[in-house]
Amino acid sequence: MNKKTIRDIDVKDKKVLVRVDLNVPFDQITGDISDETRIRAILPTVNYLLENNAKIILCSHIGRPKGQVVDSMRLTPVAKRLSGLLKRPVTATTDCIGPDVVAATGNMVSGDIVLLENLRFHAEEEANDPDFAKALAALADVYVSDAFGTAHRAHASTAGVTKYIPSVAGFLIEKEISMLHNALDEPKRPLTAIVGGAKVSDKITLIDKMLEQVDNLLVGGGMVSTFLRALGHDTGASLVEPDKIDLARRLMDKAKANNTNLVLPSDLVVADKFDREANAATCQSDKIPADSMVMDIGPKSVSAYSDIITKSKTILWNGPMGVFEWDNFANGTTSIAKLLASLDAITIMGGGSTSEVVDSMGLADKMTHVSTGGGASLKLLEGSVLPGLAALMDKD
Ligand code: ADP
Ligand code: MG
C-alpha cells in the first residue's frame, strides 16, 4: 500500500481521531449487539495507539439515522462492549461535535479513550460538509482512517477531515487493501473468481474487470437467468434484467476474446414461487419449466465448479450462488463455502452477503481473508479509487 500508516507517524501524547466502522447489528428482540466482529476488527489499531501512548478519539456511524438523533442507533452499547474487550474505560459522548465533546476531549491524558456519538446524527456527515469536517478535525492532532466499510464514501469523517490534519491509515485498512492487492497484482494462478448475487447490474463492472484478470469466472445467483437469455434459452418465470441481456452477451464475447473460462451453471434449482416454502426442483439450465424461476445452482454445477475451484491457487468470491437465506436454496452457496474453507489456496471473500454466509457458518477463520466491507471491497476489486483511501498521505 502506498499510503502512510500509523507506523509512519509519531502518535505519542497526540490526540488521534480514528474513524472506525462500529456499525454493528443489534438483536431485534433483546436489543443486544448480535455480532461483535466489527468491534474486534478495530482492536489492532486501538492497541497499537495505546502502546504508543496516544489519546484516542474514536468515531463511527451506526445505521441510517438520516441526520436525526435515533436512540436505538446510539454508540453507548458499543462503548460498553469495547471497554470490556480492552479492559479499560471507554467514555461515550452524547454528540460527535459541540461543547460537550470539546470538554470531554479537552483534558485527555495518554491512554484515554473517547468514543464519539453516531456521526450520522448530523446530516452534514454524509453531505461531507466542510464546517462539520473542520469541527471533527479540531478535536485532534492526527487523523487515522480505519473504517474500510465506509472508505468508498466521501463523507466528512472519511474524506473531508483529511484536509485539516495529517491523515494516515490504520491496520484494518492496510490489511484489507494489501489482501486484495496481493491477490490480484501478482496472483498465484490459476486465479478463479466466483461471482453471484442478485443482479447483473450490480456486478457488471466487477465481471468486466475480472474477465481481464482471471483464468476462470464462475457465475451464480439471480444473474444467471440474464446470461441464459443471452444464450437464447427460456428462463420461465425467473427475474431477468431485459436491458442487460445485450451486456451479458458482450461479456461472454469478451471472455472468448480474452481466453477466459466464463462458466455458467449447467443445472439449476428452480422454484414455483419466490418463497421460503416454495417447492424446489432441479432442471437443466436450458430446460427451465415455464412456471419456474432460478433459485440456486444445481448439484452438477456445484460439482463442476468444485473441480475448477480445487485446481485453483487463488479464489475470489463475491455474491452467493442462490437464495441462501432459505434452506431449500442454500446448497450451492454452502457447498462452495465449505469447499473453500477446506483448501490450502488463497481464498478471499468480498461482498456483504458473502461474508455473512461465511461468518454464520463459522468458516471465516479458515479463509485467507473475509472483507469487513461489502461495498468497499467490490469497488476495490472493480479497480475504482476509494475516496477515503485516496485522501490519506502518500508514503515518502
Ligand atoms: P453480496 O452482498 O455478497 O455482494 P449481493 O448483494 O449481490 O451479494 O446479493 C445477495 C442476494 O442475492 C442475497 O440476498 C440472495 O438471496 C440473492 N440471490 C442469490 N441468488 C438469487 C436468485 N437466484 N434469485 C434471487 N435472488 C438471489
Ligand atoms: Mg449485498
Side-chain angles (χ1 to χ4, degrees), residues 23 25 35 37 64 148-150 152 176 180 193-207 209-210 217-229 233 235-241 244 248 264-265 267-283 285 288-289 292-298 301-302 305 315-337 340 347-361 363-364 367 369-382 384:
N23 184 20
D35 181 356
T37 309
R64 297 170 186 272
F148 181 69
T150 44
H152 60 311
E176 292 271 8
L180 292 177
I194 311 167
V195 182
K199 293 187 281 174
V200 180
S201 46
D202 290 341
K203 305 286 165 88
I204 300 167
T205 320
L206 177 68
I207 296 176
K209 175 88 182 167
M210 287 290 128
L217 196 151
L218 314 179
V219 181
M223 70 175 89
V224 165
S225 43
T226 306
F227 278 96
L228 292 175
R229 283 286 285 277
H233 300 316
T235 51
S238 303
L239 212 67
V240 171
E241 292 171 273
K244 296 292 177 294
L264 293 170
D267 66 342
L268 298 162
V269 178
V270 296
D272 50 354
K273 54 185 172 192
F274 194 76
D275 192 278
R276 181 186 293 274
E277 308 302 334
N279 294 310
T282 305
C283 69
S285 297
I288 300 176
S292 296
M293 57 184 78
V294 177
M295 300 293 272
D296 192 10
I297 61 172
S301 309
V302 169
Y305 284 13
I315 303 115
L316 299 170
W317 185 14
N318 180 297
M321 297 290 96
V323 187
F324 70 93
E325 295 93 336
W326 297 335
D327 285 349
N328 283 348
F329 313 107
N331 180 60
T333 304
T334 56
S335 302
I336 300 284
L340 289 175
T347 49
I348 308 230
M349 322 287 114
S353 290
T354 318
S355 303
E356 185 189 315
V357 172
V358 171
D359 281 335
S360 70
M361 291 175 73
L363 299 175
M367 309 294 184
H369 183 60
V370 181
S371 179
T372 56
S377 66
L378 185 61
K379 288 283 169 217
L380 207 62
L381 290 171
E382 287 174 357
S384 311

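Numbering of residues begins at 1 and proceeds along the displayed sequence. Note that ligands are numbered from 1 as they come in the structure, with each ligand's atoms numbered from 1 the same way. Computation of the quantities below employed the complete heavy-atom set of this structure, encompassing side-chain atoms and omitting hydrogens, waters and symmetry-equivalent molecules.
- Considering NZ of Lys209 and CD1 of Ile204, their distance stands at 16.0 Å, rounded to 0.5 Å.
- Between Val294 and ligand 1, an N or O atom pair is found at a separation short of 3.5 Å.
- Atoms of ligand 1 lying under 4.0 Å from any heavy atom of Ala198, numbered from 1 in the order shown and given with element: 7 (O), 9 (O), 12 (O).
- At least one heavy atom of Phe274 sits closer than 4.0 Å to an atom of ligand 1.
- Taking every heavy atom of both residues into account, Arg276 and Asn328 meet most closely at O-ND2, 4.1 Å.
- Those atoms of ligand 1 with a heavy atom of Gly319 less than 4.0 angstrom away are 3 (O), 8 (O).
- Taking a cut-off of under 4.0 Å to the non-hydrogen atoms of Gly352, the atoms of ligand 1 that pass are 1 (P), 2 (O), 3 (O).
- Expressed to the nearest 0.5 Å, how far CD1 of Ile297 lies from CZ of Phe329 amounts to 14.5 Å.
- At the top of the distance list for atom 1 (P) of ligand 1, counting protein heavy atoms only, stands Ser353 N, 3.6 Å.
- Ligand 1 lies less than 4.0 angstrom from a heavy atom belonging to Pro320.
- In terms of protein heavy-atom proximity, atom 18 (N) of ligand 1 is closest to Gly322 O, 3.9 Å.
- Summarising the geometry, atom CZ belonging to Arg229 is positioned 9.0 Å from atom OG belonging to Ser238; distances are rounded to the nearest 0.5 Å.
- Side chains of Ser355 and Asp359: no donor on one and acceptor on the other come within 3.5 Å.
- Contacts between Asn318 and ligand 1, counted as non-hydrogen atom pairs separated by less than 4.0 Å, involve the side chain only.
- Within the model, atoms OG of Ser371 and CG of Asn318 stand 9.5 Å from one another, a figure rounded to the nearest 0.5 Å.
- Between His233 and Ile288, the closest side-chain pair of non-hydrogen atoms is not below 4.5 Å.
- For the 3.5 Å distance criterion, the side chains of Glu176 and Thr372 qualify, holding a donor opposite an acceptor.
- The main-chain N or O of Val269 is never found under 3.5 Å from a side-chain atom of Asp296 such that the two would form a donor-acceptor pair.
- For atom 27 (C) of ligand 1, the nearest non-hydrogen atom of the protein is Val323 CG2, 3.7 Å.
- Checking Met349, Lys203, Glu325 against atom 4 (O) of ligand 1, the nearest heavy atom belongs to Lys203.
- Close approach of ligand 1 to Gly222 (heavy-atom distance below 4.0 Å) involves ligand atoms 20 (N), 21 (C), 22 (C), 23 (N), 24 (N).
- Of all protein heavy atoms, the one closest to atom 3 (O) of ligand 1 is Thr354 OG1, 2.6 Å.
- Ligand 1 has no N or O atom lying under 3.5 Å from any N or O atom of Gly350, backbone or side chain.
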